[in-house]
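Working notes, beginning with the structure itself.
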There are 2 protein chains.
Amino acid sequence: MKILRVKKGEIIQLPNALKHNIIFVKKGLLRMYVVDDKGKEHVYMFAPEGWTLSDFSAIKENRTSNFFIDAIENSLIEIFSKGLGEELPKTTMELTDQTIDLMGRRIATLQDRIIMLLSYTAKERYQQFLLTYPDIVNRVPQKMIATYLGVTPQALSKIRGLK
Amino acid sequence: MKILRVKKGEIIQLPNALKHNIIFVKKGLLRMYVVDDKGKEHVYMFAPEGWTLSDFSAIKENRTSNFFIDAIENSLIEIFSKGLGEELPKTTMELTDQTIDLMGRRIATLQDRIIMLLSYTAKERYQQFLLTYPDIVNRVPQKMIATYLGVTPQALSKIRGLK
DNA sequence: GTTCGACGTTCATCTAGATTAATAAATCTT
DNA sequence: AAGATTTATTAATCTAGATGAACGTCGAAC
């Protein structure tokens, strides 16, 4: 485990990096995203203070990650090179309880996001985002929120214009 | 905990049912889905033998579920009325390990699904589905696969027609 | 302060997929 | 097996949102 200070705009992880990393954000704001074959970015998640980033799919399939991770603000982060949960040393029952709680909340978030992507219009997604992450709205460029919602920056701009 | 035998087509859970249930599928195939305001169904997940169904979002927010659950095949299921993980009696370390592994795999699946919904075309989604769930393809009506993928049944039929 | 690149907005066009509807095929019921 | 119900296919039309491009705005770097 190492503590790192990263600057706004700095890339912390490139796809196919060697190690499966888990990143805990102590201060600042990170972004985890993919870039498709046409070069377009799709934000998987934002991680402000207290959040944890990791690529569960890569860990479970024991492969390298397809995700980029970069800093949206100057940040202070902790990087663990081991997998989450089962690869952690079995210390206290309290720790595994914490892990289960963390994972449960993550699943709840992903579940809500999937229902949103399946059944909401662009406008509804944005309104939901405002309610769910009021703090993040003012900390990230609008175009990143757009790709988090699964729409283009232009479409989001239009939606906001109408209000 | 109770064991239940359910028939094909039978609805196991309606939205706003009283209790947060966790359902383990011993045999058969279930479906978990939402119905939007226009009456359209959106499949959140399929659960064949060995899979577990639960609404983490409802459990975490301590509210009733918005999901329907029904049986696609005659099935044998176990229903637990307690929450997953933290609400389970702390028995063995082995059990919590199992829980963490289960949740990790669920997160990996949801993560992959989100990337798919954000960045794949309808055709790419279907092709990916065929690779990931070859067994399920022949067990569920095509229209359900369509709404799992976030497209209309007509669009999926067209995609298959071209091939 | 000026320059430059990133960001947001606006608009004109295009298109993947939705919608609607009609038909055909498969499945269930008795 | 005949009818009824559900599911899949096909086709014509429509639309939310994508695409591409131009322009104004802002903050960072010099």
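In what follows, chains are A, B, ... by sequence order, proteins preceding strands, each numbered from 1.
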Sugar-phosphate or base contact per nucleotide [nucleotides 15-23 of chain D; S, B, -; heavy atom under 4.0 Å]: --SSBBB--

Output side-chain donor-acceptor pairs under 3.5 Å for residues 140-153 of chain B, partner residues at least two apart or in another chain, one line each.
| residue | atom | partner | partner atom | Å |
| --- | --- | --- | --- | --- |
| B/Gln142 | OE1 | B/Arg160 | NE | 3.1 |
| B/Thr147 | OG1 | B/Val43 | N | 3.3 |
| B/Thr147 | OG1 | B/Met144 | O | 3.4 |
| B/Thr152 | OG1 | B/Ala155 | N | 3.2 |

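- To the nearest angstrom, P of C/dG17 lies 15 Å from OH of B/Tyr126.
- Checking side-chain atoms of A/Arg106 against main-chain N and O of B/Gly104 turns up no donor-acceptor pair under 3.5 Å.
- Remark: side-chain polar atoms of A/Asn21 are not paired, donor with acceptor, to backbone N or O of A/Ile23 under 3.5 angstrom.
- Here the side chain of A/Arg31 pairs no donor or acceptor atom with the backbone of A/Ile72 at under 3.5 angstrom.
- Here the side chain of A/Ser57 pairs no donor or acceptor atom with the backbone of A/Asp55 at under 3.5 angstrom.
- Here the CE atom belonging to B/Met45 is positioned 7.5 Å from the OG1 atom belonging to B/Thr109, to the nearest 0.5 angstrom.
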Verdict with reasoning, A/Phe67 to A/Tyr44, per ring pair (Phe, Tyr, Trp, His ring centres under 6.0 Å): CA-CA 9 Å; A/Phe67 287 95; A/Tyr44 172 60; 5.2 Å; yes

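- Looking at B/Glu41, its side chain never comes within 3.5 Å of a backbone N or O of B/Tyr33 through a donor-acceptor pair.
- Of the side-chain N and O atoms in A/Arg160, none sit less than 4.0 angstrom from OP1 or OP2 of C/dG8.
- Going from atom CD1 of A/Ile72 over to atom P of C/dC7 covers 11 Å, rounded to whole Å.
- Taking atom CD of residue B/Glu73 and atom P of nucleotide C/dC28, one finds them 12 Å apart after rounding to whole Å.
- Rounded to an integer number of Å, the gap from CE of A/Met144 to P of C/dG8 is 9 Å.
- One can place CG of B/Asn138 at 17 Å from C1' of C/dT27, the figure rounded to the nearest angstrom.
- The phosphate of D/dT9 (OP1 or OP2) has a side-chain N or O of B/Gln142 nearer than 4.0 angstrom.
- Residues of residues 4-15 of chain B that place a heavy atom closer than 4.0 Å to DNA chain D do not occur.
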